[in-house]
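Some notes on the structure that comes next.
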Amino acid sequence: MLKLFPDDRPLVDIVKATKVYPPDIVAVQNISLAVAKGELLFLTGMSGAGKTTLLKLICAIEQPTKGVIEVGGRDLAKTGSAEIQQLRQEIGVVYQDFKLLPKLNAAQNIAMPMEVAYRDQREINSRVDELLAILKMTHKREIQTGKLSRGEQQRVAIARAAANSPALLLADEPTGNLDQDSANLVMDLFEQLNREGTTLIIASHDESLYRNSDYRRVQLEHGLFTNHSSPRQLPLINQ
Amino acid sequence: MGLKSYFHLKQVGHNFRQNWPTQLMSLLTVTLSVLIFSFFLLIYLNVVNIGARLGDELRLVVYLDNEVEPALQPLISSKISTYAKADKILFVSRAEAFIRLQKQLEKEKDLLTDLGPEFLPPSIEVYPEKSFRNFTRLKEFSDFLATLPGAQKVQYGQEWLERFGYFTELLRVIVVLSGALLVLATGFMVSCTIRLTVVAKESELEILRLVGASNRYIQAPLFFEGILQGVLGSSLGLTLLYAIFIWTRTHLGGSTFLNQLEYTFLPFSVTAMIIGGTTLLCAWGSLLSIRKHMRI
Ligand SMILES: Nc1ncnc2c1ncn2[C@@H]1O[C@H](COP(=O)(O)OP(=O)(O)OP(=O)(O)O)[C@@H](O)[C@H]1O
Ligand SMILES: [Mg+2]
């Protein structure tokens, strides 16, 4: 899985990126951030600070107005659409609004990234079962996601993002609808993925997720980084 | 490759469940267009066939005032041959004409007992070469034959031939028109169906993109779908035509003259071409539609 991403460079390298939405909403301003391979990074900040925008820049859903976004050593602005698609197979994303297909059941939704990568059907089934079990969702396997509660939908979205054991996982407010127990399950899954080599960027308000850990944390405020507290300080920050 | 086809076929099935009324409509349109086209083609080919068989018996008959003496026959033969090659030139005397008539009448032979061969004119029968069997050349040939010494009248069924020629021509036009209809209707329906599928699947396609589906992953099922419609639609249309053909042959036989002509179904090569052509057409229509509606 890691063949797309060389070891000797940051997995994600954002250089002086600015995103302005029309007409003149500045969501992210002159931000620089490097995320090393194997890191688990928290992105915090108030509502409207620009967290979602930053994640969208990293997975090429939005293009920066200024600056450069590099993922796996590739400048996204100079990467063709076919290669972007290939890159996306290596990036799992938990969207803030989930982006599930309501007519498909939980298992079918989770299987999508693996089908797109032409995985073996048995492998797909066992991975789906495994993820459902980890998130305590096995009994909802065959239920259309449109009929699930928000919290259940969120866990399906998380399982889908994790399905391919991606090189990079972006999670936007992944525990926003979850009780403490479920949130802990999710965090356990993320840490397990991280141990297996996945790099994670988690955008969250939920202090309990990072309170007792020493993961690096960067905070956005009105599109700018304000503090970057963490004992595990790494290179980066806005200059 | 097998694994990939499996995913694509699974998608085809999925699309069909999601969107089957439109797909069925489109399939029926293909079927109906193929049926109409191949129906006229079948009639046309049979008419051409009949024409060719009648053409084999085609001859020009030159009625004469007097019999040609055997000594002169080679001379006249060679004179005719200088104008146009003939497969066969036959001199029919009054007596021979009379015997033929007797044979034709058989049971009513007694009708002729009071009559002698004198009332029948002698004639020369010219069987022109194949290359001469077209309408204008026949007419010129017959004009030439009319100038032979002692020739009274030349007959070759001109009126009948003319009508038959027009009829074939008309059929040819109809075949071409229904072929155009086939192309237009099929191309239109297939591309429409694909557009509707794309619209129905818009949110799904967006999410497929987000999880990294390649263009091929997204487009291949739609392409398969077009091909499938071509193969199924044309096969179904031809099967229907065959059923109609068999039914007509058994039920409309009777004692009419239709029964005496033997007619045939479309030869295998033509059916294969219709199926192949329709499939190509559908593949082409779906490709165009995919390109147009899925700008990435
Ligand atoms: N597509 C868009 N068009 C215009 N403005 C947008 C768009 N998306 C985001 N914005 C604006 O950009 C700013 C940053 O939004 P963003 O969604 O990145 O914030 P966020 O940190 O994710 O907030 P939250 O915690 O509420 O999810 C906001 O002011 C938002 O209104
Ligand atoms: Mg957000």
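None of the values given here were measured: they were computed from a predicted structure. Scope of the values below: all heavy atoms of this structure, side chains included, with no hydrogens, waters or symmetry mates. Below, read A as the first sequence line, B as the second, and so on, with proteins coming before strands; counting in each chain starts at 1.
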>> Minimum heavy-atom separation for R88(A) and R209(B), please, with both atom names.
In response: NH1-O, 3.3 Å
> Is it true that atom CZ of F245(B) has more than 12 heavy atoms of other residues, nucleotides or ligands lying nearer than 6.0 Å?
Replying inline: yes
> Got a sec: does the CZ of F224(B) have more than 12 other heavy atoms crowding it under 6.0 Å?
Replying inline: yes
>> Per the ring-ring contact (aromatic ring centres under 6.0 Å, His included) rule, what does the pair list look like for residues 70-99 of chain A, sequence neighbours excluded?
In response: none
>> For a 4.5 angstrom cut-off between non-hydrogen side-chain atoms, does L210(B) reach I61(A)?
In response: yes
> With only heavy atoms counted, which part of I84(A) is less than 4.5 Å from chain B, the side chain, the backbone, both or neither?
Replying inline: neither
>> Rounded at 0.5 Å granularity, tell me how far CD1 in I207(B) sits from CZ in R160(A).
In response: 5.5 Å
>> Around atom OH of Y166(B), are there more than 12 heavy atoms from other residues, nucleotides or ligands closer than 6.0 Å?
In response: no
>> With rounding to the nearest 0.5 angstrom, report the CE to CD distance, M112(A) to E204(B).
In response: 5.5 Å
>> Is any side-chain heavy atom of Q89(A) closer than 4.5 Å to one of V211(B)?
In response: no
> If you look only at pairs with a residue in residues 103-118 of chain A, which of them pass as a salt bridge (Lys or Arg N to Asp or Glu O under 4.0 Å), with sequence neighbours excluded?
Replying inline: E115(A)-K10(B)
